[in-house]
Protein chains: 2
Amino acid sequence: MTETATHEKPRIRDAEATQRRILAAARKEFAKSGLGGARVDTIARRAKANKRMIYHYFKSKEQLFTRVLEDAYADIRTAEQKLHLDELDPETAITTLVRFTWRYYLANPEFLTLVNSENLHRARHLKGSARMHELSRPFLGMVEGILARGVAAGVFRPGIDPVQLNITIAAIGYYYLTNRFTGAIVYERDLMTKEALDTRLAFNIETILRLLRA
Amino acid sequence: MTETATHEKPRIRDAEATQRRILAAARKEFAKSGLGGARVDTIARRAKANKRMIYHYFKSKEQLFTRVLEDAYADIRTAEQKLHLDELDPETAITTLVRFTWRYYLANPEFLTLVNSENLHRARHLKGSARMHELSRPFLGMVEGILARGVAAGVFRPGIDPVQLNITIAAIGYYYLTNRFTGAIVYERDLMTKEALDTRLAFNIETILRLLRA
DNA sequence: CCGACTTAACTAACCGGTACGTGCATTGGC
DNA sequence: GCCAATGCACGTACCGGTTAGTTAAGTCGG
């Protein structure tokens, strides 16, 4: 009788929904203030949940942070899988990856600050996470595949390490966006206008293609 | 490189020395824990100073942070000036800059986390800092000069924006190093062995030269 | 179908520790 | 002697985490 309705009445008590709200609020708060600056009370308030619920479901602030991080990585890896890069010709595949990475970072700035925060803590929350390895392996394999196909087709030069390539693709987008505030001061320029963003994406694609071309 | 190294008789009360010790301790603590995670008591203890001194000389934790940041930028800009890149041929100058940037980041990892921390706070501590502009302008002008000389000599292609170039040079070193902890997990590889570091530097030089060459 | 019972979701109020910041007394250097 | 430099000890607010209790939702005997 409980599952029959297609649109059930909003339940007063809903464990899953509460956890989702807590995770969403935590992602925002951790992204905004870092692990040290984030306030558990703020997360509870924004999740419209009681602080006790956070400790009930996630044990501690740090375990909540770990979960938020893992979910963030799962999100981007899932989105990458959906690109089906292995079905594209090598040059298109790489261009697509650079463009996707850029747009994902732009649309999900929280991911960037979460990763920064975790690195400030020397990745101690993700260390030993089996889930992280499961997420990373297929991704790396895919880039390796694109590279191999490109070399075979004679469009890419041989000997390029897929790890270095990956790091570079991430770096040129990531750095621009995370450091946009000090960047605006150093370069005395608004780096976030539509024009500036389009220019940077084009520049990044050019950088990667020149790096790879035979 | 801010140590006094002079052999004056150790004064019991030395305002300048105390301030230097506080700044050095603050740089370490802010770099390690971020602005929110840093503890003023810890800074005082490590500076072998009383917490009261910190508030006497720097008014607040945030103003101390601002000062630490400005000093950090001053350090790297000063070091860059000493390269005298304008006296080198364009290609050597750029290679030297890439190598210097990489080595400076490696030798001064605190700079990286300080900048990250400031960007988490949307650069509100450096906003409006006259000192920052004074530091940045000559640096940008120098890179612009190298680029122009390279184009005139026919070794670099024309139309490259010095700001984009600069951001890219910083990015490919900075990202690798700040994200080395999550990177080690994602790529299942130690990114900090001597071999890995040398490989990365070579890769970065190659990336930039391919980007610039006519 | 119903009401007593059980379990899980949820809340309010609180605690011990800690963190930034200060008032005030003291002391060394010129 | 005067003032800057320093030290002590505290105030006040806050923060992560917990204790003790309440209420909604499922469950089962009758």
Side-chain angles (χ1 to χ4, degrees), chain A residues 1-5 7-30 32-69 117 120-121 124-125, chain B residues 4 6 8-69 117 121 124-125:
Chain A
M1 270 300 289
T2 53
E3 299 296 325
T4 45
H7 52 278
E8 317 155 32
K9 58 173 183 278
R11 294 166 39 143
I12 310 288
R13 303 198 164 192
D14 187 331
E16 264 186 60
T18 302
Q19 288 179 51
R20 266 198 308 273
R21 288 202 316 277
I22 290 174
L23 283 170
R27 195 182 59 231
K28 277 190 193 170
E29 173 72 359
F30 283 133
K32 187 182 163 200
S33 307
L35 175 59
R39 296 296 161 241
V40 178
D41 287 280
T42 304
I43 294 171
R45 184 162 31 83
R46 287 230 260 269
K48 291 185 205 304
N50 190 279
K51 188 164 53 158
R52 194 67 191 80
M53 290 289 90
I54 293 175
Y55 288 93
H56 179 64
Y57 291 124
F58 301 101
K59 311 298 182 199
S60 71
K61 186 187 184 182
E62 303 233 339
Q63 283 186 56
L64 175 59
F65 183 66
T66 303
R67 176 62 185 280
V68 166
L69 275 174
S117 214
L120 181 64
H121 297 281
R124 73 161 191 265
H125 305 90
Chain B
T4 48
T6 53
E8 318 155 28
K9 58 173 183 276
R11 295 164 42 145
I12 309 289
R13 300 199 166 194
D14 187 331
E16 264 185 59
T18 303
Q19 289 179 50
R20 268 198 305 274
R21 289 202 316 279
I22 290 172
L23 283 170
R27 193 183 60 230
K28 277 189 193 170
E29 173 72 359
F30 283 132
K32 188 182 162 199
S33 306
L35 175 59
R39 297 292 161 243
V40 178
D41 287 280
T42 305
I43 295 171
R45 184 161 32 83
R46 287 230 259 269
K48 291 185 206 305
N50 191 280
K51 189 166 50 161
R52 196 69 191 76
M53 292 290 88
I54 292 175
Y55 288 93
H56 180 63
Y57 291 123
F58 301 100
K59 310 297 181 200
S60 71
K61 187 185 183 183
E62 302 233 339
Q63 282 185 55
L64 175 60
F65 184 67
T66 303
R67 176 63 184 280
V68 165
L69 274 173
S117 215
H121 294 94
R124 72 161 192 265
H125 304 91

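Convention: sequence-line order gives letters A, B, ...; per-chain numbering from 1.
- The nearest whole Å value for the distance from the CD atom in A:Glu62 to the P atom in D:dC15 is 17 Å.
- A 4.5 Å side-chain heavy-atom check between B:His125 and B:Arg67 finds every atom pair outside the cut-off.
- Under 4.0 angstrom from either OP1 or OP2 of D:dA4 there lies no side-chain N or O belonging to B:Tyr57.
- At a cut-off of 3.5 angstrom, counting only N and O atoms as typed in the model, there is a donor on one side and an acceptor on the other between the side-chain of A:Lys51 and the base of D:dG17.
- In this structure, B:Glu16 atom CD and D:dT6 atom C1' are separated by 17 Å, rounded to whole Å.
- Within the 4.0 Å cut-off from OP1 or OP2 of D:dG17, at least one side-chain nitrogen or oxygen of A:Tyr55 is found.
- Side-chain proximity of A:Thr18 to the nucleotides C:dC10, D:dT6, D:dG17 is greatest for C:dC10.
- Where B:Asn50 and A:Gly37 meet DNA chain D, the nucleotide closest to each residue was compared, and B:Asn50 sits on the side nearer the 5' end.
- Contact annotation: the side chain of B:Glu62 approaches that of B:Leu35 to within less than 4.5 Å [non-hydrogen atoms, C-beta and beyond].
- Between B:Phe58 and B:Leu23 there is a side-chain heavy-atom pair separated by less than 4.5 Å.
- Atom pair B:Met53:CE and C:dT22:P shows a separation of 14 Å (rounding to whole Å applied).
- Look at A:His56 and you'll find a side-chain N or O under 4.0 angstrom from OP1 or OP2 of C:dA9.
- As a whole-Å value, the separation of B:Lys61 NZ from C:dT22 P is 14 Å.
- Contact between B:Ser117 and B:Phe65 at its shortest, heavy atoms only, is CB-CZ, 4.0 Å.
- Taking atom NZ of B:Lys59 as the reference point, atom C1' of C:dC20 lies 16 Å away to the nearest angstrom.
- One can find a donor-acceptor pair under 3.5 Å joining the base of D:dT19 and the side-chain atoms of A:Arg52.
- Remark: P of C:dT18 and CZ of B:Arg45 are 12 Å apart, rounded to the nearest angstrom.
- Put simply, CD1 on B:Ile43 is 18 Å from P on C:dT18, counting in whole angstrom units.
- Regarding B:Asp41, its CG atom lies at a distance of 16 Å from the P atom of C:dG17, rounded to whole Å.
- At a threshold of 4.0 angstrom between heavy atoms, the contacts of B:Ala44 with the nucleic acid are absent.
- For the pair B:Tyr57/B:Leu64, no side-chain contact is recorded, criterion being any heavy-atom separation below 4.5 Å from C-beta on.
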